[in-house]
Undergrad: 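What follows is a single structure, and I will ask about it in a moment.
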There are 2 protein chains.
Amino acid sequence: MLRRADVVDGAIALLDDEGLDGLTTRKLGAALNVQGPALYRHFPSKEALLDAMADRLLEPVAAPLPDGPWDEKLALLAGRLRSALLAHRDGARVVAGTYVTGPNTRLVENTILKTLQAAGHPADRAGWAAFAISYYVLGHSIEEQAQARLSATGDWTSRKRALIQHPDPDYAHTALTKVFDADPAERFDYGIRLLLKGIRHELHHATPKTTSHRPPENRAQ
Amino acid sequence: MLRRADVVDGAIALLDDEGLDGLTTRKLGAALNVQGPALYRHFPSKEALLDAMADRLLEPVAAPLPDGPWDEKLALLAGRLRSALLAHRDGARVVAGTYVTGPNTRLVENTILKTLQAAGHPADRAGWAAFAISYYVLGHSIEEQAQARLSATGDWTSRKRALIQHPDPDYAHTALTKVFDADPAERFDYGIRLLLKGIRHELHHATPKTTSHRPPENRAQ
DNA sequence: ACCTGAACACCGTTCAAGT
DNA sequence: ACCTGAACACCGTTCAAGT
């Protein structure tokens with residue numbers, strides 16, 4: 001007798017074996033000793049299953065944070081979020097695809113918000129800053145896994161070369177080489193700390209009346 | 001007689017009509033008055049076509065930037081990048097999926113790097129900061145379009161409610177409401193400026209010997 | 001050289017029928 | 001109540017054959 005949680009667990013295991021493109025209802029059924037259509041007893045669609053998987057992936061991030069300064073807590077949480085997304089093959093794509101609203105997602109977002117507000121951020125700014133952090137983590141993780149996917153097929157080294165050995169003479173050759181040589185975790189951490197530094201600076205030197213960061217060039221559709 | 005550029009143009013037009021999931025070789029063939037397999041004269045696989053589409057989407061971003069302070073230039077470029085990703089349905093997903101190395105992608109990355117280096121950043125930090133900017137933009141745009149996709153199917157309002165009306169009493173209710181009420185372009189701009197503020201601060205107050213931002217909690221696989 | 005037609009090995013999903 | 005078997009309407013891709 002198949003339980004809902006077993007389906008999600010099996011789906012994540014299959015994700016690791018086959019990747020997102022190889023995750024099909026037929027293969028998942030087989031892995032669970034059941035026919036494909038049996039999954040529709042537990043999920044109305046494959047997309048609903050992916051939603052459940054996404055929230056499941058964030059479970060480890062929901063663990064309580066140790067006490068400490070707000071920025072260290074957020075750096076830690078961001079690192080955990082990245083680790084959770086990278087812990088399973090194509091995990092970042094699974095989470096990015098679905099606008100998740102599961103319990104773990106809410107808890108994580110809530111933690112970021114409360115940490116920022118406890119540090120003294122007004123509610124509106126805290127909300128925007130919290131989302132900025134999430135987006136950076138998501139973007140970084142997606143690209144790390146895109147790179148991993150290319151490495152698997154052997155396309156990675158050729159693309160890296162294409163990027164680095166650009167004919168343009170004043171191309172920032174050194175910078176790119178350093179980017180690709182670096183430990184991705186360290187690179188990730190550097191970016192998060194840039195963001196946190198910006199938040200800290202805003203917190204201390206805020207001119208409270210000013211909403212005047214100038215509007216962007218154009219508002220997209 | 002079908003030209004390669006026509007295929008890419010047709011594919012982007014079809015993307016707008018049908019979305020990424022509806023972009024199939026058969027439909028694209030039909031739109032170009034050709035059978036599906038004819039596309040394989042120009043692209044070895046659908047993935048190769050998506051790569052070409054991704055770089056094509058970034059074409060408008062490659063336009064020259066007006067002179068100005070480095071941070072204003074980068075804010076402008078980031079806004080353009082976001083606009084380009086949002087200009088076509090599922091554009092962010094198309095770009096995120098492929099680790100693009102086309103000419104426009106290289107030019108955009110190159111511009112960010114040179115702008116940072118011209119502002120006085122050492123090469124390695126400039127590289128990391130440049131990627132941090134890209135990742136934030138990508139993550140933000142993906143989530144904006146995920147939201148757009150849910151809005152189309154009517155799932156959005158229910159999910160928004162799920163996020164905001166959380167039973168948890170100390171849930172950051174106000175912050176979340178403000179996030180969802182805000183103009184996405186303004187929210188985006190706020191995050192970019194946090195990042196730029198962090199970069200500027202690093203530039204001015206850097207203790208040049210220190211590589212000592214502490215290592216992250218765990219290095220993911 | 002460029003494209004078609006048919007085929008192969010798949011998909012997600014529906015639904016009557018079985019137990 | 002839970003699952004199967006068969007079917008429907010699709011996919012990406014290959015490849016001989018046409019023009």
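Convention: sequence-line order gives letters A, B, ...; per-chain numbering from 1.
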Undergrad: Which donor-acceptor pairs under 3.5 Å do side chains of residues 39-52 of chain B form with protein atoms, sequence neighbours excluded?
TA:
from, atom 1, to, atom 2, distance (Å)
B/His42, NE2, B/Leu2, O, 2.9
B/Ser45, OG, B/Glu47, N, 3.4
B/Ser45, OG, B/Ala48, N, 3.2
B/Lys46, NZ, B/Leu23, O, 2.7
B/Asp51, OD2, A/Arg159, NH1, 3.1
B/Asp51, OD2, A/Arg159, NH2, 2.5

Undergrad: Using atom CG of A/Leu32 as one end and atom C1' of D/dC3 as the other, report the distance to the nearest whole Å.
TA: 13 Å
Undergrad: Let me know the distance between CG of B/Leu39 and P of C/dC2, rounded to the nearest Å.
TA: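 Result: 14 Å.
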Undergrad: A/Arg41 has an atom CZ; how far is it from atom C1' of C/dA16, in whole Å?
TA: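 Checked: the CZ to C1' distance equals 12 Å.
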Undergrad: Which pairs with one or both residues in residues 26-35 of chain B pass salt bridge (charged side-chain N to carboxylate O under 4.0 Å, His left out), sequence neighbours excluded?
TA: B/Glu18-B/Lys27
Undergrad: Report the stems of DNA chain C as range-with-range entries sorted by first number; a stem here is at least three consecutive pairs, Watson-Crick or G-U wobble, both distances under 3.5 Å, and write none if there are none.
TA: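 So the stems come out as C:4-8 with D:12-16, C:12-16 with D:4-8.
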Undergrad: Assess whether a salt bridge exists between B/Asp183 and B/Arg187, defined as any Lys/Arg side-chain N lying under 4.0 Å from an Asp/Glu carboxylate O.
TA: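 Salt bridge: no.
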Undergrad: Can you sort out the partners of B/Trp156 under ring-ring contact (aromatic ring centres under 6.0 Å, His included), two or more places apart, ordered by chain and number?
TA: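 B/Trp156: ring-ring contact (aromatic ring centres under 6.0 Å, His included) contacts with A/Tyr99, B/Phe180.
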Undergrad: What is the separation between atom CG on B/Leu28 and atom P on D/dC10, rounded to the nearest whole Å?
TA: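 Taking atom P of D/dC10 as the reference, CG of B/Leu28 is at 17 Å.
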Undergrad: Would you call B/Asp181 and B/Lys178 a salt bridge, taking side-chain N to carboxylate O under 4.0 Å as the test?
TA: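 No, B/Asp181 and B/Lys178 are not salt-bridged.
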Undergrad: From C-beta outward on A/Gln35, which listed nucleotide comes closest to its side chain: C/dC2, D/dT4, D/dC2?
TA: D/dT4
Undergrad: Charged N to carboxylate O below 4.0 Å: is that the case for A/Lys160 and A/Asp155?
TA: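 No, A/Lys160 and A/Asp155 are not salt-bridged.
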Undergrad: What's the CZ-P distance between A/Arg3 and D/dC3, to the nearest Å?
TA: 12 Å
Undergrad: Would you say the side chain of B/Arg89 lies within less than 4.5 Å of the side chain of B/Arg149, judging by non-hydrogen atoms?
TA: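 Answer no - side chains too far apart.
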Undergrad: Between the protein and nucleotides 12-14 of chain C, which nitrogen or oxygen pairs come in under 3.5 angstrom?
TA:
from, atom 1, to, atom 2, distance (Å)
C/dG12, OP1, A/Lys46, NZ, 2.9
C/dG12, OP2, A/Thr25, N, 2.9
C/dG12, OP2, A/Thr25, OG1, 2.9
C/dG12, N7, A/Arg26, NH1, 2.8
C/dG12, O6, A/Arg26, NH2, 3.0
C/dT13, OP2, A/Tyr40, OH, 2.3
C/dT13, OP2, A/Lys46, N, 2.9
C/dT13, O5', A/Tyr40, OH, 3.0

Undergrad: Round to a whole Å and report the spacing from CG of B/Asp6 to P of C/dC2.
TA: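 Nearest whole value for this atom pair: 14 Å.
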Undergrad: Which residues pass the ring-ring contact (aromatic ring centres under 6.0 Å, His included) test with B/Phe131, sequence neighbours left out?
TA: B/Tyr135
Undergrad: Less than 4.0 Å between a side-chain N and a carboxylate O, is that true for A/Glu59 and A/Arg56?
TA: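 Between A/Glu59 and A/Arg56 there is a salt bridge, with a charged N closer than 4.0 Å to a carboxylate O.
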Undergrad: Find the distance B/Asp21:CG to D/dC11:P and express it as a whole number of Å.
TA: 11 Å
Undergrad: Nearest-Å distance, CE (B/Met1) to P (C/dT4)?
TA: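 In whole Å, C/dT4 P lies 13 Å from B/Met1 CE.
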